[in-house]
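Scroll down for the structure; my scribbles are underneath it.
Chain letters run A, B, ... following the sequence lines, proteins first, then strands; residues in each count from 1. Because the structure is a prediction, the values reported are computed rather than measured.
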There are 4 protein chains.
Amino acid sequence: MADELVHSHDPNHPANLICELCKIFYNNGWVTGTGGGISVKDGDKIYLAPSGVQKERMVPENMFVMDHPSKEYLRRPEVYKPSACTPLFMAAYDIRGAGACIHTHSQNAVMVSLLYDKEFTIANIEQIKALPRVTEPGYLGFFDTLTIPIIENTAHEEDLKDSLEQAILAYPGTTAVLVRRHGIYVWGESVWKAKVYNEAIDYLLELAVKMRQFGIAPDGAIGSEREQRRL
Amino acid sequence: MADELVHSHDPNHPANLICELCKIFYNNGWVTGTGGGISVKDGDKIYLAPSGVQKERMVPENMFVMDHPSKEYLRRPEVYKPSACTPLFMAAYDIRGAGACIHTHSQNAVMVSLLYDKEFTIANIEQIKALPRVTEPGYLGFFDTLTIPIIENTAHEEDLKDSLEQAILAYPGTTAVLVRRHGIYVWGESVWKAKVYNEAIDYLLELAVKMRQFGIAPDGAIGSEREQRRL
Amino acid sequence: MADELVHSHDPNHPANLICELCKIFYNNGWVTGTGGGISVKDGDKIYLAPSGVQKERMVPENMFVMDHPSKEYLRRPEVYKPSACTPLFMAAYDIRGAGACIHTHSQNAVMVSLLYDKEFTIANIEQIKALPRVTEPGYLGFFDTLTIPIIENTAHEEDLKDSLEQAILAYPGTTAVLVRRHGIYVWGESVWKAKVYNEAIDYLLELAVKMRQFGIAPDGAIGSEREQRRL
Amino acid sequence: MADELVHSHDPNHPANLICELCKIFYNNGWVTGTGGGISVKDGDKIYLAPSGVQKERMVPENMFVMDHPSKEYLRRPEVYKPSACTPLFMAAYDIRGAGACIHTHSQNAVMVSLLYDKEFTIANIEQIKALPRVTEPGYLGFFDTLTIPIIENTAHEEDLKDSLEQAILAYPGTTAVLVRRHGIYVWGESVWKAKVYNEAIDYLLELAVKMRQFGIAPDGAIGSEREQRRL
């Protein structure tokens, strides 16, 4: 069962990190029931949580480990199936060279996918500066617009792969893809970058919903909110 | 006092699990004051929390244990009364062969019961896929509609038994019943299934309330939200 | 300094309980900054938290202890002042024979005080059943209306004493008084009863604000919410 | 590397306090991703968290230490850059003689900055009494109006220094400055005062947003909310 691939006293070992982060994501509402997930790449090895488990109760022994070049499993727990997110995580690894990928059913993501059409845009908010330019080194500026594509959901999660890949290619500057009525995929160069990007994006999604409740356009010019100050 | 029925070093022993889960449910707002509860079946034994106690402070010694076939208590703590939910939990055990049953006063459940008439319906949301078909193996699909019946509340909780049983029989595909202005009953094949179903349903109830705040119908067709995108 | 009055290994000793509960109340937002407080009576001794301290960081040594019959302090930490709530807590002890009293700046309480005039009323919600009749044994029923008086705030907290006492006398069935633009006082026969009442009331205040957001009257008859079901 | 400046078994040592408080601020949503920060002054030494780190995972070894009189770093971790907030924290230390300064990206602060023009004002709420008069000893009263200036955000955080300093000078009674579409800076005589002021201000910002949702003016006279009681 290749347990040596997932057993480590190092808290930063991918198998330990995935378990720790899933507990955090459960407590802040990003993974609920058995939804959502996280994958981490370590050299050529990709660590994946299994399908259908309670994310906050995972232990390292639950983890799948895949050899990236050959796409073959080095470790496959018998009682579980690989996550249906696996082909989607692979898109971020293959096309973007990501180091980790997070998938959540965040309600902020679902709400934004209902309030926006083909893409989510937000501008002139400080938190945008936490997100990378991707096509060149460095981060977005305060006056930049963050754009995240929204793709339509499919009956089976693995069938999202094609449209997710198309969105990644069509939006070379994005580090995330929203899936309508479903949630969001976020990736980054490392597990910590992916976590920070996901936190910053979720903050912006939540803020955008609140702005819309007050009739303020999240991608409006600075000052456009003034007409909303009614009292 | 049959303490051996509730004393175990195994964290998965029903008496320990009930205490652990009630702490989780207290922290996320599902059980408040002394409201709400949980029951777990282990073979022929049914474990029940007592009435009127603070759920997050329960200890295994507080637990009632009933023999399912004879409906007689194998353990009855003298200072407590059995939960008023007991006959309602029994409906899930008797009619559906449930392995565990959860009752919460979730505000999302109460709000949905005020915003809907005879049943709650939601469609085309990924999280629906966490819920079982019940009448056949497998889970609901993304394009399926989740339907949960809503029954009227009664002055005394035990008087809900008849209408709860009728709703269970009238909705053979449901794994939950909403009680207007009161809360929700959710059951499952095991304690973990019941917990996951409850999490998924509460997520959908919360989302439905948010959608209604934006004038979006939770059971509308995909695309019907577009007319709401006003900015 | 009479440290033996506040030093105990018993977690249920009033000095320990007050510290534990203030941490819980800090984490759920009921006490913020240095606002809010709690007092517990044990026989003739009344335990009181000091003024102006961070409630979640209190230790038993911070506690004031008063002899109820003589109203004299048995213990008075030199560096602190007694809480400005003290005369208000005394009203619950003197008039109602309370065993504990909780004061919070809950935002739900403040919002309700802005949305209602002379009293807060809510009816036909299951959680109401957690609250006592007070004038006779037993609890409110589902079809009963919970009524909590709202008094006007004053510049100095101790000046609330007269109107709080009048409200307690004018509403013999209440176990709480709302203070407009300020918060709420809740008391009970014991510290645990006070905590449970406070949880149940705060749940109902929060729910009432949500109902008003949807234009549903919290004290309306069952069925009156139907006209609000617009989708 | 001057590790003796940051290594201490005293939980109240500034390097330990900063780490502990950042965990608290992460959990309540004030610092997200790598945004926000905190600085503490101890005698002539100013402790500063580095730029671009996850605030909830900081350890004392990450800390910068500056000598206040000479503005020279006594300790500079090689792998990090000083926080971009440093010049802004210095404004509070230099102009106001602050003992600690907190910067958050609180969504309540951002929302208020979108709903108000040049300054945020709120009146007649008890929690206002937790805030200092600043220009004279003592605290604001219930009938006082709390006023916090709002400055415009800039592309680079360090460019905020001039307008922040102008706001501090123009509002001698404020202990905080809001930055439009960005967040808030709060300072106090000590780290605990700064924390308590920040908690009280964030409570008031959150409450003001809720009041606006109901069409109630946060700085309106007592009784002005009555016209809003529509049910």
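How far CE of D:M211 is from CG of C:L115: 9.5 Å, rounded to the nearest 0.5 Å. Distance CG/C:D159 to CZ/D:F142: 12.5 Å, rounded to 0.5 Å. For the atom pair CD1 (D:I222) and CG (C:N153), the distance works out to 7.5 Å, reported to the nearest 0.5 Å. Atoms OG1 and NZ, from C:T34 and D:K129 in turn, are 10.5 Å apart once rounded to the nearest 0.5 Å.
Here the closest non-hydrogen pair linking C:T32 and D:Y203 is OG1-CD1, 4.1 Å. Residue D:F214 comes nearest to C:V209 through the heavy atom pair CZ-O, 3.6 Å, listed as atom of the first residue, atom of the second, then distance.
For NZ of D:K45, the number of neighbouring non-hydrogen atoms (other residues, nucleotides, ligands) closer than 6.0 Å is 12 at most. Remark: D:K23 NZ is packed, more than 12 non-hydrogen atoms of other residues, nucleotides or ligands lying under 6.0 Å away. For C:H7, the NE2 atom is densely surrounded, since the number of other residues' heavy atoms within 6.0 Å is greater than 12.
For C:E152, the part lying near chain D is the side chain, with the backbone staying farther off; criterion is any non-hydrogen pair under 4.5 Å. Heavy-atom distances place no part of C:V179 under 4.5 Å from chain D, backbone and side chain included.
Salt-bridge check for C:R57 with D:E20: passed, with a basic side-chain N closer than 4.0 Å to an acidic carboxylate O. The pair C:E56-D:K195 meets the salt-bridge criterion, with a side-chain N (NZ, NE, NH1 or NH2) lying under 4.0 Å from an Asp/Glu carboxylate O.
Under the 4.5 Å side-chain criterion, counting only non-hydrogen atoms from C-beta, C:Y26 is in contact with D:I24.
Looking only at distances, no side-chain donor or acceptor of C:Q54 sits under 3.5 Å from a matching main-chain atom of D:V196.
Heavy-atom pairs under 4.5 Å with chain D were tallied for C:Q213, C:R181, C:H105; the largest tally goes to C:R181. Each of C:G35, C:A155, C:G220, C:G183 has some count of heavy-atom pairs under 4.5 Å with chain D, and the biggest count is that of C:A155. For the set C:Q107, C:H182, C:M111, the count of heavy-atom pairs under 4.5 angstrom toward chain D peaks at C:Q107.
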